[in-house]
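For the single chain, residues carry numbers from 1 onward in sequence order. Because the structure is a prediction, the values reported are computed rather than measured.
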Amino acid sequence: MEKVEVVVVGGGPAGLAAACVLAEAGAEVLVVERGDYSGSKNVTGGRLYLEPVRAVLPDLWEDAPFERLVVKERLTMMAPGSSLTIEFDSGRFRGRPPHSATVLRATFDQWLAEKAGEKGAVVVPGYKVDDLLMEGGRVTGIRSADAEVQADVVVAADGVLSFVAEKAGLRPRHDPQHLALGVKEVIELSEEKIQDRFGLGPGEGAAQLFFGSITAGMFGGGFLYTNRRSLSLGLVIGTHALMEHRPPVPPHDLMEAFRARPEVAALIAGGQPVEYSAHSIPEGGPAAMPRLVTDGMVVVGDAAGLALNQAVTVRGMDMALVSGVLAARAILAARAANDFSAAGLASYEETLKASSVYQDLATFQHVPEVLSNPRLFEEYPQVACELFEQIMWTGAEPKEKMSRTALRTVGKLMRPRYLGDLWKMRKI
Ligand SMILES: Cc1cc2nc3c(=O)[nH]c(=O)nc-3n(C[C@H](O)[C@H](O)[C@H](O)COP(=O)(O)OP(=O)(O)OC[C@H]3O[C@@H](n4cnc5c(N)ncnc54)[C@H](O)[C@@H]3O)c2cc1C
């Protein structure tokens, strides 16, 4: 039977970052990816926060296939017939090295797979792992339909529903409370139109997040990211909320309605939809994370539950990359000590928990619970939009003082249930 030092299951950002670090240090690494190529089956909104990643992997990004560097932030609150947008532009976000970039996974993951290959990892696409090899509770390798490969360590980097972490007994089956469903479209549009519509220069990008009535009272929101010659448009909604919603509302219908909103329709007008995808996102925070290490195995990225929907940012790729690097470092330490037991690999868990990505996850762990409140998506955006509508409207009748309009509109929120919502906000 074939034997290598490390098998990485899954050629996404987490697995490939681990492979880069391991191969660079001279370890023998095999990455197996079930897709036709890395990125072929992967879905993301598309914004990669680079600062956390550069802290552990500083030198890789010079020739990365970033679509645009994000310099403009927009946050849009949607009520049924109106919306309120905040636009934020800061010199700091325009600085170098870049703060964040948009990516398309088909190109980004392939590029990262090439980097891993250049460093000496063997990346095999079209290879689906069907089972683990185990001996006395220890993970000793992988099995596919027609081959078995033994390894000192298996890296579970197979994404949110990680079948291999489940097989190794590191986590139970997923609870829908801890998952969100993301649906996404890529819409082709010319470079010039993108730059004109979002007020951007060449290479500059914008990120627009939407929340409010578009999710029919459910925790979640919309995103619109600018790529070089396309837009990534989508919705992320709590899976449990979707299952419980009465009457049932298909995500596709919400997406149709979102796309048809004038605030969105004007931005995507004339664009050609070229890709439609859907995927789960782990959103359970630290409480829903699996055990990260066992004898002969470490778990990274989405498989480890490392994603964060903070309402104003959606993250996962940076966490995947960071966890891959930290896992690789722990494997190298275990290799030096020739101890691939859970104890030998334990430094992965320690360094991950000390990292900013884990700490951010812990800081914002109550976001899903606090934001699972229909009032936040229905009543509050409605009140904010009403306030602006009344202030901006000039009719035939005389206007009242702005302070009076503000007090009357916002005053509606001075009731116990709204003040209770405000109190709960302290948790996030
Ligand atoms: C709609 C949506 C929007 C998002 N927006 C953002 C965003 O803007 N910014 C951000 O940072 N994050 C975002 N995320 C989260 C981000 O995409 C993930 O956190 C990230 O992709 C996780 O990387 P990963 O390498 O852990 O897993 P994945 O990218 O899922 O990679 C896992 C890989 O394993 C392979 N695989 C699975 N099973 C097997 C098997 N049995 N054998 C072999 N290979 C296997 C898969 O084909 C895949 O290539 C979003 C996610 C979604 C769904």
Side-chain angles (χ1 to χ4, degrees), residues 5-6 8-33 35 37-40 42 44-71 93-125 155 157 159 203 205 225 227-228 298 300-304 306-307 315-333 335 348 351-352 354-358 360:
E5 287 183 302
V6 184
V8 178
V9 183
L16 292 169
C20 284
V21 174
L22 286 162
E24 189 152 71
E28 195 186 7
V29 192
L30 171 68
V31 182
V32 290
E33 163 55 46
Y37 54 89
S38 274
S40 63
N42 294 346
T44 196
R47 179 179 191 177
L48 172 59
Y49 290 92
L50 289 159
E51 291 279 314
V53 183
R54 262 196 304 267
V56 294
L57 210 55
D59 301 324
L60 202 66
W61 309 105
E62 204 49 43
D63 61 341
F66 296 141
E67 291 289 314
R68 287 175 182 269
L69 304 180
V70 178
V71 298
F93 285 26
R94 293 174 183 275
R96 289 287 184 278
H99 167 252
S100 73
T102 52
V103 295
L104 288 170
R105 292 291 294 275
T107 43
F108 181 75
D109 289 17
Q110 273 190 87
W111 167 83
L112 201 53
E114 275 164 29
K115 288 282 163 194
E118 283 165 18
K119 289 174 191 296
V122 176
V123 183
V124 182
V155 179
Y225 299 123
N227 304 312
R228 195 169 294 277
V298 293
V300 295
D302 271 12
L306 294 168
R315 291 169 61 186
M317 287 187 288
D318 61 318
M319 297 181 161
L321 290 160
V322 170
S323 64
V325 172
L326 299 181
R329 288 182 187 163
I331 293 169
L332 292 171
R335 182 175 177 247
Y348 167 49
T351 53
L352 184 71
S355 71
S356 73
V357 296
Y358 180 85
D360 286 352

Tell me, do [X] and [Y] make a side-chain contact under 4.5 Å, heavy atoms counted?
X      : Y      : answer
Trp61  : Val53  : yes
Asp63  : Lys115 : yes
Tyr358 : Ser323 : no
Leu16  : Ser38  : yes
Leu48  : Phe66  : yes
Leu306 : Val322 : no
Leu22  : Leu332 : yes
Pro13  : Arg105 : yes

Residues which pass ring pair (Phe, Tyr, Trp, His ring centres under 6.0 Å) with Tyr49, listed by chain and number, not counting sequence neighbours:
His99

Would you name the heavy atoms of [X] and [Y] that are closest together and state the gap between them?
X      : Y      : result
Tyr348 : Leu326 : CD1-C, 3.7 Å
Phe108 : Pro65  : CA-CG, 3.9 Å
Ala157 : Val8   : CB-CG1, 4.1 Å
Glu5   : Arg335 : OE2-NE, 2.9 Å
Arg96  : Leu69  : NH2-CD1, 3.3 Å
Arg47  : Val70  : NH2-CG1, 3.5 Å

For Val21 and Ile331: C-alpha separation, side-chain torsions, deciding distance, then whether side-chain contact (heavy atoms from CB on, under 4.5 Å) applies.
CA-CA 10 Å; Val21 174; Ile331 293 169; over 6 Å; no

Going from [atom1] on [X] to [atom2] on [Y], what distance comes out if it is rounded to the nearest 0.5 angstrom?
X      : Y      : atom1 : atom2 : result
Asp109 : Met317 : CG    : CE    : 8.5 Å
Leu60  : Leu50  : CG    : CG    : 11.0 Å
Leu321 : Cys20  : CG    : SG    : 9.0 Å

Thr44 and Tyr225: CA distance, side-chain angles, deciding distance, side-chain contact (heavy atoms from CB on, under 4.5 Å) verdict:
CA-CA 11 Å; Thr44 196; Tyr225 299 123; over 6 Å; no

Checking the side chain of Thr102 only, and the main-chain atoms of Arg68 only, is there a donor and an acceptor separated by less than 3.5 Å?
yes

Sequence neighbours excluded, which residues qualify as side-chain contact (heavy atoms from CB on, under 4.5 Å) partners of Ala23?
Val29, Lys119, Ala121

